[in-house]
Q: 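Here it is, the structure in full.
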Amino acid sequence: MRTSMLKSIVRRSSTAGASYVSRRGFASGSAPERKVAVLGAAGGIGQPLSLLMKLNPLVSSLSLYDIAGTPGVAADVSHINTRSEVAGFAGEEQLGQALEGADVVIIPAGVPRKPGMTRDDLFNINAGIVKSLCTAIAKYCPNALVNMISNPVNSTVPIAAEVFKKAGTYDEKKLFGVTMLDVVRAKTFYAGKAKVNVAEVNLPVVGGHAGITILPLFSQATPKANLSDEEIVALTKRTQDGGTEVVEAKAGKGSATLSMAYAGAIFADACLKGLNGVPDVVECAFVQSNVTELPFFASKVRLGKNGVEEVLGLGPLNDYEKQGLEALKPELLSSIEKGIKFAKEN
């Protein structure tokens with residue numbers, strides 16, 4: 001009963017979202033062997049993300065790593081009757097073992113944002129964690145697709161790039177900042193206001209992954225809706241402040257862990273489909289880019305067997321979006337430069 005209920009709930013959610021849960025009965029021979037490693041698997045995002053990756057039939061091996069607590073999470077998740085074999089690893093001495101042979105590495109490691117915390121506070125803690133994890137990735141699975149969730153993504157992705165460059169393993173096609181939660185939120189908020197089926201909404205979100213650097217392109221949303229300028233401004237602000245909305249609602253008890261895990265699982269699923277040769281897999285992500293003058297930028301990317309097959313342009317922007325684009329550039333550039341500086345000096 002519970003299994004069928006879970007399936008029906010997920011089917012009713014975004015079809016671009018967790019539809020893979022409804023395909024969980026796939027025989028193990030129907031998809032290539034794929035190992036996914038989750039770094040930070042015992043944390044607030046890591047645990048539900050590990051659960052969602054266990055439900056994905058494209059995953060044959062699920063490797064869960066954290067500094068502590070992972071054996072319990074791995075034992076719990078391993079009892080779920082889906083394809084993937086689960087292994088848990090704890091402590092720095094087991095990090096290499098966790099990473100060896102990984103096709104996709106998802107990094108939700110680090111501390112979440114708490115009330116009153118700035119993204120600078122997050123940076124000071126998470127930058128070092130990301131740097132050490134990426135050093136290990138360069139050594140043990142240099143060809144893996146790396147999905148960066150650890151905030152601030154606008155800085156942690158440039159840190160990862162610098163670490164990989166120093167190790168001689170950098171491939172810009174294989175490093176992603178996961179901005180999918182911005183897309184998930186924008187779709188949800190738009191569908192609610194436009195009174196359309198959220199499962200049918202297509203809506204790009206570009207720029208970065210913090211505050212005003214998040215730019216949802218509501219003018220390109222489908223199905224089309226005649227929303228007022230005031231409604232678009234409000235939707236834009238709510239999308240930009242979505243993380244703060246959850247932090248405040250949880251009143252010191254956490255951040256957007258569940259929706260972030262969902263978004264991270266959807267993006268990892270897209271990466272796996274790309275690796276497996278599924279055509280026309282397009283999602284938004286923060287990647288090395290020539291779309292603007294900034295070295296990294298979030299926009300739609302086509303995913304394939306090598307990671308990023310194509311970074312897609314922004315498409316037509318209205319005047320409000322053009323203003324938003326120019327307004328976000330200085331802040332996004334500052335965050336990128338901060339990450340590069342940290343990686344070079346530490």
Side-chain angles (χ1 to χ4, degrees), residues 20 24 26-43 46-47 49-67 69-71 73-78 80 82-109 129-150 160-161 163-176 178 264-265 267-278 281 303-309:
Y20 57 76
R24 44 174 288 212
F26 276 26
S28 59
S30 64
E33 299 286 305
R34 294 292 181 199
K35 176 176 176 177
V36 173
V38 180
L39 307 186
Q47 290 197 44
L49 176 59
S50 298
L51 166 65
L52 290 169
M53 296 318 296
K54 181 70 172 95
L55 295 177
N56 191 321
L58 302 181
V59 181
S60 59
S61 173
L62 184 59
S63 177
L64 307 183
Y65 171 83
D66 215 318
I67 50 173
T70 344
V73 176
D76 194 358
V77 170
S78 72
I80 295 167
T82 56
R83 175 191 181 194
S84 53
E85 297 291 324
V86 181
F89 302 92
E92 286 182 30
E93 65 280 0
Q94 294 189 354
L95 178 53
Q97 200 179 341
L99 289 170
E100 276 176 354
D103 297 287
V104 177
V105 179
I106 314 172
I107 310 180
I129 295 171
V130 165
K131 185 172 182 287
S132 63
L133 292 175
C134 288
T135 301
I137 290 168
K139 182 177 180 181
Y140 293 103
C141 55
N143 296 314
L145 303 190
V146 177
N147 291 186
M148 183 69 68
I149 291 173
S150 302
V163 171
F164 297 149
K165 284 175 187 175
K166 189 175 180 182
T169 65
Y170 182 53
D171 183 345
E172 70 272 15
K173 295 180 177 180
K174 296 185 175 181
L175 175 60
F176 304 88
V178 179
F267 188 73
D269 181 62
C271 287
L272 290 164
K273 285 175 181 168
L275 286 174
N276 291 350
V278 175
V281 179
L303 298 161
K305 294 184 177 182
N306 299 306
V308 176
E309 295 294 335

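Keep in mind the model is a prediction, meaning the values are calculated, not measured. In what follows, every heavy atom counts, from backbone to side chain, and hydrogens, waters and symmetry copies are set aside.
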Q: Which distance, rounded to the nearest 0.5 Å, do you find between the CG of Asn306 and the CG of Leu145?
A: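 Answer for the CG-CG pair, Asn306 versus Leu145, is 9.0 Å.
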Q: Where the side chain of Lys54 meets the backbone of Ser84, is there a donor-acceptor pair that is under 3.5 Å apart?
A: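 It does hold such a pair.
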Q: Could you check Lys35, Arg34, Lys174 and say which one makes a salt bridge (charged side-chain N to carboxylate O under 4.0 Å, His left out) with Asp103?
A: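 Exactly one option meets the salt bridge (charged side-chain N to carboxylate O under 4.0 Å, His left out) with Asp103, and it is Arg34.
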Q: Please report the interatomic distance SG(Cys134) to NZ(Lys166), rounded to the nearest 0.5 Å.
A: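 If we round to the nearest 0.5 Å, Cys134:SG and Lys166:NZ are 13.5 Å apart.
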Q: Count the heavy atoms of every other residue, nucleotide or ligand shown that sit under 6.0 Å from CD of Glu100, and state whether that count exceeds 12.
A: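 Correct, the count exceeds 12.
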Q: Please confirm whether the backbone N or O of Val278 pairs with a side-chain atom of Asn276, one donor and one acceptor, at under 3.5 Å?
A: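 A pair under 3.5 Å: no.
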Q: Hey, could you give me the CD1/CE distance between Ile106 and Met148, rounded to the nearest 0.5 Å?
A: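 Output value for this atom pair is 12.0 Å.
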Q: If you count the non-hydrogen atoms of other residues, nucleotides and ligands that lie under 6.0 Å from CG in Leu51, is the total more than 12?
A: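 Counting other residues, nucleotides and ligands, CG of Leu51 exceeds 12 neighbours.
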Q: Counting only heavy atoms not in Tyr140, do more than 12 sit closer than 6.0 Å to its OH atom?
A: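 No, the 6.0 Å shell around OH holds no more than 12 heavy atoms from other groups.
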Q: Return the CG to CD distance between Leu133 and Glu92, rounded to the nearest 0.5 Å.
A: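 Separation between the atoms: 9.0 Å.
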Q: At what distance, to the nearest 0.5 angstrom, does CG of Leu62 lie from CZ of Arg83?
A: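 So the gap between those two atoms works out to 12.0 Å.
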Q: Working to the nearest 0.5 angstrom, can you tell me the gap between Thr70 OG1 and Leu64 CG?
A: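 The CG atom of Leu64 is 7.5 Å from OG1 of Thr70, to the nearest 0.5 Å.
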Q: Would you say NZ of Lys173 has more than 12 non-hydrogen atoms from neighbouring residues, nucleotides or ligands within 6.0 angstrom?
A: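 Not buried by this count: 12 neighbours or fewer within 6.0 Å.
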